[in-house]
Amino acid sequence: MKLRLELILLIALFAGLGLFAAYSAEQSGQRTIDARVTSFSSTDNGALALYRWLTRVTGQVDRLAYRPFALTPNDGLLFVLGPSERYQPAQVETVVEWVKAGGVLVVADNVPSPQSAVSPLLAAFDLKLIMSERRITTAAVLHPALGAPPVARVPAYTRTALVATTPLPAFAPLAADGATTILAGQRFGDGYVFALSSVHPFTNEGLRKSESAALVLNLLRWLPPGERIVFDEFHHGFGPSTDLRSLLLSNPLGWAILYSVAIAGLYILAGSRRFARPLPLRSEAARRSSVEFIDSMAGMLRRAKQITYAAEHYRHMLRRRLGQPYGISLVLDDDAFVAELAAIRPIDRTALSRVLAELRRPDLSEAELLNLVAEADRIG
């Protein structure tokens, strides 16, 4: 069955719209990724350079992405850089227990609490981020822990400060601008926590500065031998997506599929809807003519050889046609009928009596019947 031209054009239009939706969604998704401090991004705000550099330096770097959030004993240092998705209580507990067991946590964000997605994690270590009164470009190093290689100032470019939530803070300020702490560290169980109120030193743009690279090398000194570095990409939206619902709702291609299905469904619905009373088909509206009925009845009587029946029927119809206008009773015999009719109107009584008598003959042929019918039409 050949498709109509308009249907082909509609299908082509839907396919084009689907491809456009997929492309737009992909570009939108890429812009969203580029806005995060993720190791998948190569923009100035991304952290791909840090990921590749640490891979070359240590050889043991991994991403916590596309799998359930979990840390293993082989994970020695965890980078949590400006996450976009909020830490849940179970995930906070996972990180806390891992740090207690000897892990090193480096958490950085420049969004004040409680808007910060990392604020629940910082709260577990009695820390929070607050808005600074002014923009801080660099912070002076206060602690000798950042001395190999030596670092004098840490690039910050932030309006956020780091403070403790307890009266007697356990953390040690490592870098500050006056009284505003930017970088702090604290022992927690057998592990250690580094907290920064700026993500700039870890970004692709920030690593162009030698102070940022020196800061990262100082943090690497806390990495236990033989263990690996992990980047938390789970909280940047790179969680597990194995079910069909997640693939359709969180993937650009899934969005395009849903869009195409919706458009096709609307087209089918609009094409099958009746906006008025349905028109009957021509074959349904056409009626048989009287001539067709007469032909069919004549053919049936002819095939059944019912000449006598046809002659008697025509004789009865002839008497009715002639006598009904004058009120002559049809129950009269032929002679009385002809006499009464002749008394009212001029008529050939002999011819009419003969035609009526001939129509009652049982051995009448088709040709004789047709001749009698023609003669009766001339009489009446």
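At least one side-chain heavy atom of L322 sits under 4.5 Å from a side-chain heavy atom of L352. At least one side-chain heavy atom of L77 sits under 4.5 Å from a side-chain heavy atom of V106. The closest side-chain heavy-atom distance from R315 to R360 is below 4.5 Å. By the 4.5 Å heavy-atom criterion applied to side chains, I229 and T55 are not counted as neighbours. A heavy-atom distance below 4.5 Å is not found between the side chains of S353 and L356. Here the side chains of L105 and L121 are in contact, with some heavy-atom distance below 4.5 Å.
Here the options are T137, N110, I136, the test is side chain to side chain contact (heavy atoms under 4.5 Å, CB included), and the partner is Y157; only T137 passes.
Cluster partners of V163, using a side-chain heavy-atom cutoff of under 4.5 Å among ILVMFWY residues and allowing indirect links, are I130.
For the pair E211 and P155, the tightest heavy-atom approach, listed with the atom from each and the gap, is CB-CD, 3.7 Å. Contact between V151 and A214 at its shortest, heavy atoms only, is CG2-CB, 3.5 Å. Scanning both residues, G147 and N218, for their nearest heavy atoms gives N-OD1, 3.1 Å. Scanning all heavy atoms of the two residues, the minimum distance from A176 to T181 falls at CB-CA, 3.9 Å. Of all heavy-atom pairs spanning A311 and L364, the tightest one is CB-CD2, 3.9 Å. Closest non-hydrogen pair, F188 versus A124, comes out as CE1-O, 4.3 Å.
For F171, there are no ring pair (Phe, Tyr, Trp, His ring centres under 6.0 Å) partners at least two apart in sequence or on another chain. S116 pairs by the side chain to side chain donor-acceptor pair (under 3.5 Å) definition with D109, not counting sequence neighbours. Annotation: ring pair (Phe, Tyr, Trp, His ring centres under 6.0 Å) contacts of F194 (sequence neighbours excluded): Y192, W222. Take S39 and apply the side chain to side chain donor-acceptor pair (under 3.5 Å) test, not counting sequence neighbours, and it matches R63, E233. Contacts of D363 classified as side chain to side chain donor-acceptor pair (under 3.5 Å), with partners at least two apart in sequence or in another chain: R361. With sequence neighbours excluded, the residues forming a ring pair (Phe, Tyr, Trp, His ring centres under 6.0 Å) with F202 are F79, listed by chain and number. Scored by the side-chain contact (heavy atoms from CB on, under 4.5 Å) test, R153 finds T138, A140, D177 as partners (sequence neighbours excluded). Partners of H236 according to the ring pair (Phe, Tyr, Trp, His ring centres under 6.0 Å) rule, which considers only residues two or more places apart in sequence or in another chain, do not exist here. Every residue two or more places apart in sequence or in another chain that forms a side chain to side chain donor-acceptor pair (under 3.5 Å) with Y314 is listed here: D377. Scored by the side-chain contact (heavy atoms from CB on, under 4.5 Å) test, R52 finds L48 as partners (sequence neighbours excluded).
The side chain to side chain donor-acceptor pair (under 3.5 Å) contacts involving residues 71-92 comprise T72-D75, D75-R228, R86-S119, Y87-D232, Q91-H235, where partners must be two or more places apart or lie in separate chains.
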- Candidate pair D348 and R378, rule salt bridge (Lys or Arg N to Asp or Glu O under 4.0 Å), full reasoning: CA-CA 10 Å; D348 189 348; R378 288 194 299 269; over 6 Å; no
- Take L64 and L71 through the side-chain contact (heavy atoms from CB on, under 4.5 Å) test and state the conclusion after the steps. CA-CA 9 Å; L64 206 168; L71 295 170; 3.8 Å; yes
- Query: Are D190 and K100 close enough, and set up right, to give a side-chain contact (heavy atoms from CB on, under 4.5 Å), and what steps lead you there?
  - Reply: CA-CA 5 Å; D190 293 334; K100 284 183 179 179; over 6 Å; no
- Go through T203 and L50 one step at a time and tell me if the side-chain contact (heavy atoms from CB on, under 4.5 Å) criterion holds. CA-CA 7 Å; T203 63; L50 177 63; over 6 Å; no
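By the neighbour-count criterion of 12 heavy atoms within 6.0 Å, atom CZ of R56 is sparsely surrounded, having that number or fewer from other residues, nucleotides or ligands. Few gaps surround CD on E97; more than 12 heavy atoms of other groups in view lie less than 6.0 Å from it. Few gaps surround CD on Q115; more than 12 heavy atoms of other groups in view lie less than 6.0 Å from it.
We find that D44 and R208 are joined by a salt bridge, their nearest charged nitrogen and carboxylate oxygen being less than 4.0 Å apart.
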